[in-house]
K.L.:
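Please find one structure pasted underneath; my questions will follow.
Remember, it's 1-based here, ligands and their atoms both numbered in the order they're listed. For the single chain, residues carry numbers from 1 onward in sequence order. Computed from heavy atoms alone, side chains included, the values below leave out hydrogens, waters and symmetry copies.
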Amino acid sequence: MKRRTILGASFLALAMSTVAIAQSLPPLEQKERYKVGFPQMESNNPWRIAESKSFVDTAEACNWDLISTDAGGSAAKQVADVDSMIAQGIDVLFLPPREEKPLIPAVKKAAAAGIPTFLVDRSVDPNNAKAGVDYVSFLGSDFIDQGRRVAEWTIENFKGDKAVVVQLEGTTGSSPANDRKKGFDDAIAKDPRFTIVASQTGDFARDKGRQVMETVLQAHPDVDVVYAHNDEMAIGAIQALELAGRKPGEDVLIVSIDGTRDALQAIIDGKMGVTVESSPFFGPLACETMKRYAAGEEIEPWVQVKDRIFTQANAAENIKDAY
Ligand code: AHR
């Protein structure tokens with residue numbers, strides 16, 4: 001049951017006036033097994049598949065009865081999946097919200113049903129839902145910092161006098177797309193050599209990244225740098241560039257985020273410059289954080305994941321662990 005603290009002086013005042021009610025987070029009982037909900041947003045790329053597998057692999061070790069779903073790229077379906085999990089009586093919800101705004105009602109509904117919610121990998125609009133109030137905590141990377149690190153690597157490693165930059169954005173309205181754009185745009189603006197001539201969504205998908213790159217190339221055949229918000233779109237862009245007769249890694253620099261196997265291979269092959277890691281392996285962290293919460297520990301609003309950076313210097317030694 002949800003705990004409510006009623007702030008009010010007298011019974012009379014309570015009965016007669018508007019009462020200020022401060023909500024506290026739903027507690028999590030300590031028990032042997034937990035019914036855990038993990039409503040995945042889509043399964044159309046290696047990152048999502050690795051994240052889902054991480055939850056499945058953790059279920060046994062953490063004594064979870066895991067209920068997982070796949071919203072197939074629809075925020076509305078993801079909201080409905082959360083509804084269904086609430087109806088099935090989950091003890092705890094690990095939610096990767098596809099977009100920042102549409103999932104807020106689902107977060108609030110879980111809280112109202114007394115279910116502690118942890119946001120994993122993506123966040124929601126902080127103006128409308130807050131850690132420590134509407135959900136326990138956000139477990140994930142600093143997406144602004146990822147974009148900034150890509151920009152700083154690009155500034156350091158691009159050798160020309162001026163660069164035409166194309167940006168392939170992630171899913172519109174998602175926290176990684178918003179933040180990776182902000183981090184990159186702010187940092188790259190500090191070097192006058194770089195001009196972003198196009199910034200369009202490829203929805204974090206390889207094929208959409210390829211299609212968008214094909215279209216953008218018609219208006220900007222002279223592109224020097226492609227910054228993709230994830231590796232799948234970067235690989236799609238490489239395909240489009242090669243089809244257009246360009247030589248990724250030689251006459252156009254490709255920079256990206258995630259650290260997938262295909263991206264590390266592209267770095268080893270000399271087609272891609274850098275990928276800043278964004279780890280999908282959230283299962284063990286989810287288990288540990290949930291146990292801390294059940295033990296009554298106060299959880300920090302943001303359990304931050306630290307990310308590495310992969311370049312020619314270390315791609316070969318890390319590809320064996322890539323997904
Ligand atoms: O939320 C993290 C992002 O979502 C990953 O970078 C991307 O590949 C995935 O779809």
Side-chain angles (χ1 to χ4, degrees), residues 38-55 68 70-75 77-78 94-103 107 118-126 137-150 167-184 201-210 212 226-238 254-266 272 274-283 285-286 302-310 322-323:
F38 177 63
Q40 181 57 285
M41 65 184 79
E42 59 210 354
S43 301
N44 63 344
N45 76 44
W47 198 101
R48 289 285 139 207
I49 292 165
E51 186 187 45
S52 298
K53 182 174 181 318
S54 178
F55 272 87
S68 54
D70 179 351
S74 156
K77 164 86 164 62
Q78 200 178 25
F94 290 107
L95 172 65
R98 186 169 196 272
E99 290 144 55
E100 283 197 304
K101 287 198 168 82
L103 269 297
V107 170
F118 297 83
L119 301 185
V120 286
D121 99 61
R122 293 189 189 177
S123 196
V124 293
D125 180 356
S137 176
F138 165 57
L139 320 184
S141 294
D142 184 337
F143 295 136
I144 294 181
D145 194 56
Q146 291 174 343
R148 180 190 62 76
R149 290 169 78 191
V150 174
Q167 180 166 201
L168 297 176
E169 299 176 19
T171 298
T172 305
S174 71
S175 60
N178 292 341
D179 292 353
R180 287 172 184 171
K181 178 169 171 53
K182 179 175 174 30
F184 182 85
T201 183
D203 205 14
F204 283 128
R206 183 180 294 211
D207 209 46
K208 284 194 193 157
R210 183 186 54 75
V212 171
V226 175
Y227 164 47
H229 287 189
N230 80 344
D231 288 343
E232 281 298 272
M233 295 189 295
I235 300 293
I238 289 174
I254 316 294
V255 294
S256 168
I257 294 169
D258 268 355
T260 64
R261 180 183 301 278
D262 285 356
L264 295 197
Q265 190 58 55
M272 221 169 119
V274 71
T275 182
V276 170
E277 183 184 36
S278 194
S279 172
F281 302 115
F282 281 97
L285 183 63
W302 180 5
V303 179
Q304 201 176 322
V305 174
K306 297 279 172 228
D307 299 310
R308 295 170 290 175
I309 185 162
F310 299 117
Y323 52 93

K.L.:
Checking Glu99 now: which residues fulfil side chain to side chain contact (heavy atoms under 4.5 Å, CB included) with it, not counting sequence neighbours?
P.N.:
Ala75, Pro102, Thr171
K.L.:
Measure the shortest side-chain to side-chain distance between Val274 and Ile309 over non-hydrogen atoms and say whether it is less than 4.5 angstrom.
P.N.:
yes
K.L.:
Would you mind reporting whether Asp307 and Arg149 have side-chain heavy atoms less than 4.5 Å apart?
P.N.:
yes
K.L.:
If the condition is side chain to side chain contact (heavy atoms under 4.5 Å, CB included), which residues does Ala286 pass it with, not counting sequence neighbours?
P.N.:
Phe55, Trp64, Phe94, Leu139
K.L.:
Given the rule in the side chain to side chain donor-acceptor pair (under 3.5 Å) test, do Asp231 and Ser256 qualify, once you have shown the distances and angles that lead to the verdict?
P.N.:
CA-CA 6 Å; Asp231 288 343; Ser256 168; 2.6 Å; yes
K.L.:
Hey, what polar pairs (N/O, under 3.5 Å) does ligand 1 make with protein?
P.N.:
unit_1: ligand 1; atom_1: 1 (O); unit_2: Arg48; atom_2: NH2; d: 3.1
unit_1: ligand 1; atom_1: 1 (O); unit_2: Asp121; atom_2: OD1; d: 2.7
unit_1: ligand 1; atom_1: 1 (O); unit_2: Arg122; atom_2: NE; d: 2.9
unit_1: ligand 1; atom_1: 4 (O); unit_2: Arg48; atom_2: NH2; d: 2.8
unit_1: ligand 1; atom_1: 4 (O); unit_2: Arg122; atom_2: NH2; d: 2.9
unit_1: ligand 1; atom_1: 6 (O); unit_2: Arg180; atom_2: NH1; d: 2.8
unit_1: ligand 1; atom_1: 6 (O); unit_2: Arg180; atom_2: NH2; d: 3.2
unit_1: ligand 1; atom_1: 6 (O); unit_2: Asp258; atom_2: OD1; d: 2.6
unit_1: ligand 1; atom_1: 6 (O); unit_2: Asp258; atom_2: OD2; d: 3.4
unit_1: ligand 1; atom_1: 8 (O); unit_2: Asn230; atom_2: ND2; d: 2.9
unit_1: ligand 1; atom_1: 8 (O); unit_2: Asp258; atom_2: OD2; d: 2.6
unit_1: ligand 1; atom_1: 10 (O); unit_2: Asn45; atom_2: ND2; d: 3.1
unit_1: ligand 1; atom_1: 10 (O); unit_2: Arg48; atom_2: NE; d: 3.4
unit_1: ligand 1; atom_1: 10 (O); unit_2: Arg122; atom_2: NH2; d: 3.4

K.L.:
Tell me every residue that passes side chain to side chain contact (heavy atoms under 4.5 Å, CB included) with Val212, counting only those two or more places apart in sequence or in another chain.
P.N.:
Leu168, Gln200, Val216
